[in-house]
Each structure stands twice: as C-alpha cells, then as structure tokens.
4 protein chains.
Amino acid sequence: MTARSRSIPTKRSSPGRHGDTTIAAGNKRAEIFDAAVALFLHRGYDATSMRDIAAAVGVMPASIYYHYESKEALLVAAVADGAGLLKASVDAATDSELDPWTQLERACAAHLTTLLHGPDVVRVLYFELQRRREGRVESDLLRIRREYENLFRDLIDALPIGDGVSRTHLRLTILGAMAWSPVWYRREGDSPTQIARALIALVRYGSG
Amino acid sequence: MTARSRSIPTKRSSPGRHGDTTIAAGNKRAEIFDAAVALFLHRGYDATSMRDIAAAVGVMPASIYYHYESKEALLVAAVADGAGLLKASVDAATDSELDPWTQLERACAAHLTTLLHGPDVVRVLYFELQRRREGRVESDLLRIRREYENLFRDLIDALPIGDGVSRTHLRLTILGAMAWSPVWYRREGDSPTQIARALIALVRYGSG
Amino acid sequence: MTARSRSIPTKRSSPGRHGDTTIAAGNKRAEIFDAAVALFLHRGYDATSMRDIAAAVGVMPASIYYHYESKEALLVAAVADGAGLLKASVDAATDSELDPWTQLERACAAHLTTLLHGPDVVRVLYFELQRRREGRVESDLLRIRREYENLFRDLIDALPIGDGVSRTHLRLTILGAMAWSPVWYRREGDSPTQIARALIALVRYGSG
Amino acid sequence: MTARSRSIPTKRSSPGRHGDTTIAAGNKRAEIFDAAVALFLHRGYDATSMRDIAAAVGVMPASIYYHYESKEALLVAAVADGAGLLKASVDAATDSELDPWTQLERACAAHLTTLLHGPDVVRVLYFELQRRREGRVESDLLRIRREYENLFRDLIDALPIGDGVSRTHLRLTILGAMAWSPVWYRREGDSPTQIARALIALVRYGSG
DNA sequence: GATGAATGAGCATTCATTCAT
DNA sequence: CATGAATGAATGCTCATTCAT
C-alpha cells in the first residue's frame with residue numbers, strides 16, 4: 001500500500017524517479033510492480049497470473065511486457081527491491097553504534113520493523129526465500145540469503161558471550177525467530193521494536 | 001481418506017509397510033502419495049502438475065483420480081499425514097516426563113528430529129503452512145497450526161520463568177527457530193537433538 | 001486428399017493400422033495429421049496455427065496434444081511420411097531393372113507421379129525442404145535430402161555418358177527440374193510419366 | 001515505393017550508395033530494407049517479426065512504420081526489388097546477341113549469377129515465389145513469375161530445335177534447374193557461368 | 001523522424017479434470 | 001483398476017500495429 005516500487009528498471013533507465021517528491025511519469029511501471037507484489041504476497045508467485053496482474057492495474061496483459069520482460073523478471077525485481085529495503089534499514093540502524101548487544105538489538109528491530117511494517121515487497125522476499133526455484137531467481141535468492149546470513153554473523157561474532165554457547169545456534173535462533181514472525185505477527189500485539197527487545201533479552205539473559 | 005504411507009525414504013520405494021498389517025494393498029495409492037509429496041516438497045504445490053505426479057509413479061494422469069479425488073485432496077492428505085507424524089512424535093516424547101524444561105527440550109528434540117530427519121511429508125506441511133490458501137486446505141492448515149501452537153503453549157505455560165519474561169515471546173522464539181530450521185539445516189552439522197538442547201539452553205540461561 | 005496418415009505414431013504404438021483395408025480406430029490421430037498436412041501445404045507451416053488444425057478436425061486445440069506432442073512433431077511426422085512415400089515409390093520403380101537410362105527414367109516417373117499426384121504430404125515435404133529450420137526438423141530435412149541426393153547419384157553414376165559431361169550437373173538439372181515441377185505443374189497438361197520421359201530424353205539426346 | 005538498397009553485403013553496412021547520386025538520404029529506410037531482406041531470407045517471412053527487423057537495425061519497432069506501411073509492404077518491396085535486379089541482369093545479357101543458343105546461355109548465366117551471387121533480396125524473391133500468399137503479394141509474385149516465364153519462353157521459342165522436342169519441357173527443365181540451384185549451390189564449386197554453360201550444353205547436345 | 005506506451009488478437013502449450021470403456 | 005481420449009479454461013508470451021508526443 002505505502003511503498004512505491006523502487007526496483008531497478010528493467011528496460012532503459014528509470015523514466016521519472018518515484019522516490020520522494022517527484023511522482024510524475026514511470027507511473028505504469030510502478031503500478032504494475034506494486035500490483036504484482038501484492039498478488040505474489042497474497043496468492044504466491046505460482047498462483048498469480050500475468051492476467052491477474054494486468055487486471056489489477058487495469059491494462060492489457062501484453063502491456064506488462066513493455067515494462068518487464070517476463071513474469072520471472074517481476075519476481076526478480078521484487079526480490080531485489082525487498083532485499084534492498086531490508087539491507088538499507090539494517091545498515092541504517094547499525095551504522096555507528098558501539099555496544100554489540102545494543103547494535104544487534106537495533107539491527108533486529110530494524111529488520112523486524114521493515115519486515116512486519118514495511119511494504120509488501122519485503123514479505124514477498126521472505127516467503128519466496130524459502131521455496132527453491134530455478135535459474136536467475138534461485139541464484140538471486142541464494143545470494144540475498146547469504147548476504148543476510150553474513151550480516152548477522154558479523155554482529156553475532158562481535159558479541160561477548162559465554163564459553164559454552166554456540167554462536168551458530170544463537171544466530172540460527174535469532175534469524176529463525178525473526179523469519180517466522182510474519183506467520184504469527186498481528187498488528188494489535190507488540191511492536192516490532194518490542195519483539196526485538198524481548199528476543200534479544202531472551203537469548204542474552206535467558207528466562208530461567 | 002486419511003493419508004497412508006509414512007515411510008521414511010525420501011525418494012520412492014517403500015512398497016508396503018503402510019498402515020498396520022497389510023502389505024500389498026493400497027500400493028498404488030501409497031506410491032502416488034509419496035510421489036506427490038516429494039514433488040510438492042521440491043517444487044511446491046502450485047508448480048507440481050498431476051502429470052508430474054503420474055509420470056513419477058508411472059501411471060496415466062487419469063489413474064490418480066481413482067485414488068484421490070483431486071490435486072487438493074492430495075495436499076490435504078499430505079498435510080494431515082505430516083501433522084499426524086509431528087504430533088505423534090511430540091506426544092511420544094512428552095508422555096510422562098516431569099521437569100518442565102526437560103519436557104520442553106524433549107518435545108523440541110522430537111519435533112526437530114521428525115521435521116529434519118522424518119519423511120518428506122513433514123516438510124511439505126511446514127512449507128505449505130506459510131502460504132495462505134483457500135477452502136479446505138486453508139482451514140486444515142490453520143487448525144493444525146493452532147493445535148501445534150497450543151501444544152507448545154501448554155509446555156511453556158508449565159515453565160517456571162522469571163517475572164519480566166513474556167511467555168508469548170518465548171514461544172514465538174522457540175517455534176520460529178524450529179520452523180526456520182529446514183531452511184538452514186545441513187545433515188553434516190549438529191543433530192536435531194543437539195539443536196534442541198542448544199536452543200533450550202539458550203532461551204533458558206541466555207548467552208550473555 | 002487420398003492418402004491416410006502413415007506416419008510412425010508418436011505416443012504408444014499404432015492404435016489400429018490404417019494401411020489397406022482396416023480403417024477402424026486411430027481415427028482422430030490420422031484426421032489431425034491429414035488436416036495439418038493440408039494446412040501446412042496450402043498456407044505454410046509458420047502460417048498454420050494449432051487452432052486452425054483443431055478447427056479443421058473439429059476438436060479442441062488441446063486435444064491435438066494427446067496425439068502429437070507439439071506442432072513441430074506434426075511437421076516432423078509429415079516430413080518423414082512424405083519422404084517414406086517418395087522413397088517407396090522410387091524403390092519400387094527401380095527394383096530389378098537393367099538398362100541404366102530406363103531405370104533412371106522410371107525413377108523419375110515414380111518420383112514425379114508421387115510428387116505431383118500423391119497425397120499432400122509429399123508436397124509438404126518438398127516445400128519445407130527448402131526453408132531452413134532449427135532443431136529436429138532441420139536435421140530430419142537435411143538427412144532426407146541427402147538420402148535423395150544419393151539415390152539419384154547412384155542411378156546417374158551408372159549412366160554411360162559422354163566424356164565431356166558432368167554427372168554433377170546432370171544430377172542437378174534432373175533434380176532441379178523435378179523439384180520445381182510442383183510450381184508449374186497443371187493437371188491438364190502432360191502426365192508425370194510423360195514429363196519424366198521428356199526430361200530424360202532431353203538430357204540424354206539433347207534438343208539441338 | 002520502389003525498393004532501394006541493392007547493396008551486395010549480406011549483413012549490414014552499405015550506408016549510402018543507394019539509388020544514384022544521393023548518399024546520405026534514405027539511410028534508415030535502406031537499413032531497414034536490408035535487415036528485413038536478410039531476415040526474410042534466413043528465417044522466412046512468416047518467422048520474421050517486426051521486432052527482429054527493428055532490433056537488427058537498432059531502432060524501435062514503431063519506427064519502421066514511418067518508412068514502410070506494413071510488414072507485407074516490406075515483402076512487396078523486396079520482391080519487386082529482387083525481380084528488378086534479375087530482369088535487369090538478364091536484359092543486359094541478352095541485349096543485342098544473335099545466335100539463339102548463345103543468347104539463352106548468356107541469359108541463364110546472368111540469371112544464375114544474379115541469383116547465386118547477387119544480394120539477398122534476389123533469393124528472397126525466389127523462395128517466396130513458391131509459397132502461395134494472399135492479396136497484394138500474391139498478385140505481385142504471380143506477375144513476376146509470368147514475366148519471367150515469358151522472357152525465357154521467347155528465348156526458347158527462338159531456338160532451332162528438333163521436331164520431337166517439346167519447348168515446354170525444355171523451358172520447364174531449364175527454369176527448374178536454375179530455380180533449384182540456390183538449394184544446392186556451394187560457392188566452392190562451379191561458378192554460375194559454368195553452371196549455365198553445362199546446363200545449356202546438356203539440354204542442347206544431351207549426355208548419351 | 002523517431003519513440004514510449006499501449007493494444008487486442010493470437011500464439012503454442014499446459015492445466016486439472018472427466019468419462020466411457 | 002486403469003486408461004485412452006478428450007475437454008475448456010487458463011497459462012506466459014509474441015504479434016503487427018497504432019498514436020500522441
């Protein structure tokens with residue numbers, strides 16, 4: 001609903017920036033992107049047809065192909081866009097912080113906020129991240145997941161933790177808890193930031 | 001109606017040894033089920049066609065309809081079967097245990113063992129659990145998830161934990177970490193039981 | 001119009017031979033083949049759609065795919081069928097003859113008769129033989145042309161001809177004259193056999 | 001309307017040197033024409049898309065429509081151009097010659113040289129000459145073929161030939177042999193002029 | 001001159017499903 | 001039990017073409 005499509009244009013250059021203030025042109029491309037993302041999220045990529053997307057935008061199916069070269073290109077664009085948003089938010093949150101636990105908590109808060117309150121495209125990324133695909137999409141998804149893995153790996157490596165604790169399991173737990181959150185999360189409960197704080201407190205201090 | 005064929009093998013085989021005593025009967029039905037499950041897992045439900053399943057079994061597509069009413073019926077059967085296996089393994093592990101933390105750890109170990117080392121059908125359940133569907137499947141999936149939620153809710157409610165700790169977040173973290181594990185898990189690393197022990201230790205004692 | 005489809009079945013075995021007397025089953029497959037051939041001939045392969053073929057037979061487009069796996073498979077079948085007919089007729093004509101010139105004339109007469117009065121499928125072969133294609137069809141067409149080339153090469157090699165005469169040019173001339181005949185031939189004029197006789201007389205004795 | 005660009009090159013190049021004196025003008029039009037001709041020849045008219053042509057020239061598909069009214073117009077232009085080249089070369093060769101056989105041989109040599117060594121456009125004409133079309137193109141092709149028929153008919157009518165020889169078959173043989181030559185011709189073998197000489201010798205003196 | 005954007009018809013093909021045999 | 005044969009709807013995509021700019 002909120003976010004505009006900030007994917008890197010597939011064809012020429014970006015016709016009309018659609019970032020902050022300018023809205024102008026590049027309209028249809030962004031509309032198509034947004035509609036595709038919404039449908040990918042709610043029905044899944046495979047269950048979404050190009051006709052569905054076209055109908056949602058109010059154009060003929062053929063028109064989509066002027067803006068995106070294939071259905072898979074739309075998914076790749078979505079995945080890249082979602083990954084970009086996620087990375088940007090975590091990067092912004094961890095910039096110059098000092099205390100490792102605080103830094104990790106902020107990273108998690110940023111991640112969860114973007115994931116749970118960000119635009120649909122972020123969740124598309126997360127859902128599609130789990131299904132094995134082929135070709136371009138598969139490698140894109142793998143790369144993105146690995147980048148993410150490493151990002152949190154570094155943050156966790158910096159943590160001063162007890163001898164008997166496995167950093168790998170710590171990372172697995174944190175990432176798993178966050179990854180699963182879109183499945184359980186309801187807007188009425190705790191905020192993403194609160195969830196992050198509780199999660200970090202839990203794995204830091206325990207509950208016993 | 002209830003799905004047969006809970007054989008462990010990932011690929012094909014297991015002709016017979018379904019249900020209780022019968023060996024020969026229900027052979028084709030089980031083969032079809034197994035093939036469907038394997039394909040659902042590796043390609044996803046939507047990307048799997050009845051032709052694919054038929055070809056994997058070596059029958060004509062029409063023949064599947066003698067055994068299963070529809071493609072969705074195959075998914076429902078798979079989901080029910082996977083949930084049954086999961087529930088049975090957790091039930092067996094928690095049966096008469098006393099210490100709440102040990103009980104929870106055993107439940108998690110059982111859950112992870114079944115999820116990570118059990119038959120494909122268990123993982124199908126887990127992957128399909130995350131995608132919104134319609135009709136019969138959707139309600140089945142919802143019910144299964146809720147049952148599971150409650151199972152662990154009870155185990156966690158029995159835990160003697162500190163005042164400042166949210167049981168909800170504790171549950172969310174544990175379930176999330178476990179749910180995400182099929183995505184990261186590699187057979188060469190720690191065993192499901194070791195993962196469960198580390199997970200419980202982490203959320204019980206923390207790592208700081 | 002006349003000939004039935006005698007192409008090698010694509011799927012299982014031939015359901016109901018349709019050669020001489022038996023007509024019985026295998027009906028639709030043959031109907032589809034004949035319709036495709038007629039359309040390929042009159043409009044060209046590229047300009048013929050599967051919908052056209054389906055409409056001509058009176059089935060749904062999808063039904064064609066039960067009998068032939070693709071449009072190209074239909075072309076391959078046609079090409080193979082046409083080549084078979086052509087080869088069979090020339091083989092039958094040249095069987096045990098002795099005089100080389102007579103033998104060549106009979107081969108030409110057989111070739112022209114089949115080409116000009118035979119079923120559509122023969123002419124499909126000839127027209128498609130001239131257009132470069134890709135994949136399976138291309139290699140099939142090349143092989144067929146080469147077989148033909150060799151067939152006439154042998155017949156011409158056996159000819160007792162003058163020193164100054166190039167067998168290559170002789171072959172080129174004969175094959176070219178025959179290949180071009182569908183373009184000019186009108187049923188009201190000379191018969192294929194007469195054309196063959198005139199052609200051989202021309203290249204044997206000249207006209208000067 | 002009349003087609004430009006009769007440059008020899010097969011691929012691209014030849015910017016300028018169209019028509020008579022002008023160099024710069026009609027550039028894009030000629031480029032489009034050349035690209036279309038090359039594609040028509042190698043893939044066939046039906047299998048060539050306006051996008052293909054546009055991409056080959058480096059313009060947008062819409063731009064073609066500024067220069068040519070339609071795809072068919074491009075074919076008509078090609079056909080007319082090819083016919084013009086062919087006619088011009090034969091006309092030039094037969095101008096003031098006296099001996100009928102020599103005259104015919106020169107006509108054939110000119111025809112074959114233009115057909116086999118001339119620009120792509122000539123061969124496009126020949127290939128498309130064999131496929132029945134509709135509307136404008138069809139009548140153009142018919143007219144061209146008839147003109148050609150008559151040209152050689154006159155040359156052959158002038159020949160002093162024996163009583164038992166059919167002029168029709170003689171013409172059919174000569175035209176057929178020449179028409180088929182693009183299918184067999186390889187640059188490494190005999191030249192078009194040598195082929196013409198051999199062909200005429202063959203039909204004049206025979207080979208027996 | 002050229003093109004960005006769109007169109008509507010059409011493409012080959014695949015889908016889950018049905019049903020008489 | 002199984003299938004040969006078919007279906008009708010839907011699939012992703014390409015087509016030649018148009019037109020305002």
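Convention: sequence-line order gives letters A, B, ...; per-chain numbering from 1. Here the structure is a predicted model, which is why all the values come from computation and not from measurement.
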### Query
Whole Å only: how far is the CD1 atom of Ile53(C) from the P atom of dG10(E)?
17 Å
### Message
For the CG atom of Asp34(A) and the CG atom of Leu39(A), what is their distance to the nearest 0.5 Å?
### Response
11.0 Å
### Query
For the pair made of CD in Glu31(A) and C1' in dA6(E), what is the distance, rounded to whole Å?
13 Å
#### Entry: Residue His67(A), side-chain atoms from C-beta onward, closest of dA6(E), dA2(E), dA5(F)
dA6(E)
### Task
Identify whether NZ of Lys or CZ of Arg in Lys71(D) sits under 6.0 Å from the centre of the six-membered ring of Tyr45(D) and within 45° of that ring's axis.
yes
### For Glu138(D), all residues meeting salt bridge (Lys or Arg N to Asp or Glu O under 4.0 Å), sequence neighbours excluded
Arg132(D)
#### Entry: Non-hydrogen side-chain atoms of Val79(A) and Leu75(A) separated by less than 4.5 Å
yes
### Message
When the P atoms of dG1(E) and dT21(F) are compared, how many Å lie between them, rounded to an integer?
### Response
22 Å
#### Entry: Where protein sits on nucleotides 16-21 of chain F, one letter per nucleotide: B base, S sugar-phosphate only, - none, heavy atoms under 4.0 Å
BBBB--
### Task
In whole angstrom, give the distance that lies between atom CG of Leu75(A) and atom C1' of dC13(F).
17 Å
### Message
Are the side chains of Glu69(B) and Leu74(B) in contact, using a 4.5 Å heavy-atom criterion?
### Response
no
### Summary
From CZ of Arg29(C) across to C1' of dA6(F) the rounded distance in Å is 16 Å
## Note on the structure
Read 5' to 3' with Watson-Crick or G-U pairs under 3.5 Å, [ ] for crossing pairs and | for partners on another strand, DNA chain F gives .||||||||||||||||||||
### Query
Atom OH of Tyr66(A) to atom P of dG4(E): distance rounded to whole Å?
5 Å
### Spatial distance of atom OH (Tyr65(C)) from atom CE (Met50(C)) [nearest 0.5 Å]
3.5 Å
### Query
Taking only N and O in the side chain of Lys28(C), is any of them less than 4.0 Å away from OP1 or OP2 of dA6(F)?
yes
### Task
Let me know the distance between CD1 of Ile64(D) and P of dT3(E), rounded to the nearest Å.
10 Å
#### Entry: Asp52(D) side chain near Arg43(D) side chain, heavy-atom distance below 4.5 Å
yes
### Task
Nearest-nucleotide wise, let me know which of Ala47(D) and Ser63(C) is further upstream toward the 5' end of DNA chain F.
Ser63(C)
#### Entry: Side chain to side chain, Tyr68(D) and Ile53(D), heavy atoms closer than 4.5 Å
no
### Between C1' of dG8(F) and CE of Met60(C), the distance in whole Å
5 Å
### Query
What is the distance from atom CG of Asp120(C) to atom CZ of Phe33(C), rounded to the nearest 0.5 Å?
10.0 Å
